[in-house]
Amino acid sequence: MQVIETLAEGLKREIKVVIPAKDMQDKMNERLADVKDKVRINGFRPGKVPAAHLKKVYGKSIMADLVNEIVREQPAAILSSRGEKSATQPEIAMTEDKDEADKILAAEQDFEFTLSYEVLPPIELKSVKGIKVTREVIDISDDEVNEQVLKVAESARAYETKTGKAANGDRITMDYVGKVDGEAFEGGTDQGAELVLGSGRFIPGFEDQLVGAKAGDEKTITVTFPADYPAKNLAGKEATFDVSVKEVAAPADVEINDELASKLGIESADRLKEIVRGQIESQYGSLTRQKLKRQILDQLDEMYKFETPNSLVDAEYNGIWSQVNNDLAQSGKTFEDEDTTEEKAREEYKTLAERRVRLGLVLSEIGEKAGVEVSEDEMQRAIYDQLRQYPGQEKQILEFFRSQPGAAASIRAPIFEEKVIDHLLTEIDVTDKKVTKEELLAEEEGEAKAETKKAAPKKKAAAKAEAADAGEGEEAAPKKKAAPKKKAADESAE
C-alpha cells in the first residue's frame, strides 16, 4: 500500500492511498481459499469447487467487502502512523466511474482513494502558575433563608372554598375555550384549570376580568395576545375565551411549622430551612463557579493563539447561528432591531466560535496531560439526570444514547471540561473575596450587559452563546400549554 501526501497546507491534509491490483487479488484469493471448504455449490463436492468458479461466483462480493474494510479501517491506521489526529472524520473520495469500479472489483486495476482532513494543531502547554482569579463568596443570612422558605410555603398554600366574589389572591377553578375570529384554536381549551388571580400567569387582561366572578358564572373574556407570542398564528390577535367558573377558593394563612414541613415530605421545619439554605448555597455557588471559570478561560484565551481547524469552527458557528436565528424568529425581531446588521453579527459570532474551539482544544490537552478521566459512574449519573428531565420518555432517550455515537460524547465533554477546571483550580492562584448578595448579582448583571454588546441579538442570544463559555448553557424543557398563558420565556421564570 502506498500512502502519498498530496496536500499539506496549514492544518489541511490530503492523502492519496494506492493499493496495487495484485495485492487486492492476493487478499481475494486468501478469502476464496478460506470459503472453499465452507460453500455448497450444486454439481460440486464440498472442497472441490474450482478456484475459477469460486472467483466467478463470489469474487465481486468478496472484493466489495475488502474495499469496505479498507476504507473503514485504514484511515485511522494511516493517521496513527503519521502521528496525526484528525479534527473531524476524514472525508474519503473514491472513483465514481462504473467501469473503473468494475475493474477494481475484478482486481484488474489498482484501488485508489483519497483522505481529506484537518489535523488538530499541536499545542505546547504553558505554565498556569501566572493565572490569578478571585472567588467571590457570600454569607447567606437567616432573613434570606426565611424569605425563601416563605415562598416554598406559599407554593404549598391551602385554599378554602368561598361563596363570595373572587378577589386578587383567590384561586379560581375553571373550564375555558379560546377562540379567534369565532373559531376555537389549538391549545386554547382546558378543563379544571386552576389560576391564582394576580399571579400574572396568563396573558395580560385575562386575570383582571375574572376579579369579581363567582362559582357558576359564565363569562366571555376578550384579550389580545402579545405581539411576540411564540405561536405566530396568535401573536398580536384578539381572542375571546368562554369561561365557566367552577370554584372560587380563598388562600389559607401560611405558617412555617412542622406541619407544613410534613406536608412537603420533610421531617421538621428546621430541616426544611436546612434544605432551603443548601439550595441557596448551591445557586450562589453555581454563579461563583461560572464567574471563576470565565476568569480562567479569559486568561487562557490570552495565553494561547494558534490556528483552529475550520471544520470545528464551522460546526460551532453553525450551532450558534442557528440558535440566534431561532431566537430572532421567536421574538419577531430583526438584526436591525438589535442595533446591528447580519454581516456584523456573523463576524462576531465567527470570532466567538473560534474562541470556543481554541479553548476547547486547550482544555482537552490540559486534561489529557493531567490524566483527567470521566468515569462510567459519572456518565451514568449524567444520563440519569437527562432522563429525569423527560418523565415518560426514558426509553426513547436511552435508545438515542445507544444508537447515536456522538450522543455519549455530548454528555462526556462537559463533565470532562468541568473536571479540567477543577484540576486548574488546584494549580492556579485563587483568592477568596467576601461579597454581598447585591454585589455578586450586580457584577454578574454588568458582565451580562457587556457580553450582549459583543454580538447580536443583544438581549438574549449573544448572552446565551457567550455564557456557554462559562458553562451556563440552558437546558431544554417540555413546553407548557400555549394559550391563554404567557409566552414560554415568562413561564420559565415562575
Side-chain angles (χ1 to χ4, degrees), residues 131-156 254 256 260-261 264-300 359 363 378 381-382 384-386 388-389 414-452 459-460 462-477 489-494:
I131 295 180
K132 297 182 179 181
V133 297
T134 300
R135 176 167 46 210
E136 297 174 342
V137 293
I138 183 171
D139 289 330
I140 300 169
S141 68
D142 291 340
D143 287 344
E144 183 169 1
V145 173
N146 291 333
E147 180 184 339
Q148 292 301 318
V149 170
L150 182 59
K151 289 182 179 180
V152 172
E154 288 175 344
S155 69
V254 171
I256 301 173
L260 168 67
L264 297 171
I266 300 170
E267 57 267 29
S268 67
D270 287 341
R271 177 57 181 152
L272 173 60
K273 291 180 180 180
E274 287 179 16
I275 292 172
V276 169
R277 181 179 290 275
Q279 291 173 338
I280 296 173
E281 289 174 346
S282 177
Q283 290 167 359
Y284 287 142
S286 295
L287 180 55
T288 296
R289 168 80 173 197
Q290 290 163 7
K291 297 177 76 172
L292 258 184
K293 184 176 179 181
R294 182 172 297 283
Q295 292 176 64
I296 294 172
L297 294 180
D298 285 345
Q299 292 179 66
L300 288 175
L359 288 173
L363 291 176
E378 289 170 324
R381 284 197 296 271
Y384 178 70
D385 287 341
Q386 291 279 322
R388 287 196 305 173
Q389 293 180 42
I415 300 173
F416 178 83
E417 183 171 301
E418 290 305 315
K419 295 187 75 171
V420 175
I421 295 296
D422 288 337
H423 165 73
L424 286 172
L425 287 171
T426 67
E427 300 284 321
I428 64 179
D429 186 351
V430 181
T431 302
D432 285 346
K433 176 186 176 184
K434 282 282 186 73
V435 297
T436 65
K437 169 188 172 182
E438 290 72 24
E439 287 173 331
L440 182 66
L441 296 178
E443 289 176 11
E444 181 64 10
E445 288 171 2
E447 288 176 7
K449 289 177 182 177
E451 286 164 5
T452 36
K459 293 182 180 177
K460 186 175 181 183
K464 187 189 295 183
E466 277 288 315
D469 276 347
E472 302 171 20
E474 295 183 353
E475 295 178 341
D490 290 332
E491 292 181 37
S492 64
E494 291 176 12

Are Gln299 and Val133 packed together at the side-chain level, in the sense that at least one heavy-atom pair is separated by less than 4.5 angstrom? yes
Interatomic spacing from CD in Gln279 to CD1 in Ile140 - rounded to 0.5 Å: 11.0 Å
Could you grab the distance from atom CD1 of Ile428 to atom CG of Leu292, nearest 0.5 Å is fine? 7.0 Å
Could you give the distance from CD1 (Ile256) to NZ (Lys273), rounded to the nearest 0.5 Å? 6.5 Å
For the residue pair Arg289 and Leu425, establish whether any side-chain heavy-atom pair is separated by less than 4.5 Å. yes
Leu440 and Lys291: CA distance, side-chain angles, deciding distance, side chain to side chain contact (heavy atoms under 4.5 Å, CB included) verdict: CA-CA 10 Å; Leu440 182 66; Lys291 297 177 76 172; 3.9 Å; yes
Could you tell me whether a side-chain N or O of Glu144 sits under 3.5 Å from a main-chain N or O of Ser141, the two making a donor and an acceptor? no
Taking side-chain contact (heavy atoms from CB on, under 4.5 Å) as the test, write out the residues that go with Asp298, two or more places apart. Arg294, Arg355
Using side-chain heavy atoms (C-beta onward) and a distance below 4.5 Å, is Thr288 in contact with Ile138? no
Are the side chains of Lys419 and Ile415 in touch, meaning some heavy atoms are under 4.5 Å apart? yes
In terms of side-chain geometry, is the basic nitrogen of Arg388 or Asp385 positioned less than 4.0 Å from the acidic oxygen of its partner? yes
With a 3.5 Å distance limit and no angle check, can you tell me whether Arg135 reaches the backbone of Val430 through a side-chain donor-acceptor pair? no
Val152 versus Leu264, closest heavy-atom pair with distance: CG1-CD1, 3.7 Å
Under 4.0 Å between a Lys/Arg side-chain N and an Asp/Glu carboxylate O for Arg271 and Glu274? yes
Any side-chain heavy-atom pair from Leu363 and Leu424 closer than 4.5 angstrom? yes
Report the distance from atom CD of Glu418 to atom CD of Glu378, rounding to the nearest 0.5 Å. 11.5 Å
Side chains of Leu150 and Asn146: does their closest heavy-atom pair fall under 4.5 Å? no
Take Gln148 and Arg277 through the side chain to side chain contact (heavy atoms under 4.5 Å, CB included) test and state the conclusion after the steps. CA-CA 9 Å; Gln148 292 301 318; Arg277 181 179 290 275; over 6 Å; no
Does any N or O in the side chain of Gln295 come within less than 3.5 Å of the main-chain N or O of Thr134, such that one atom is a donor and the other an acceptor? yes
Here the pair of heavy atoms bringing Ala261 nearest to Ala269 is CB-N, 3.7 Å
Please report the closest heavy-atom contact between Leu359 and Leu297, naming both atoms and the distance. CD2-O, 3.6 Å
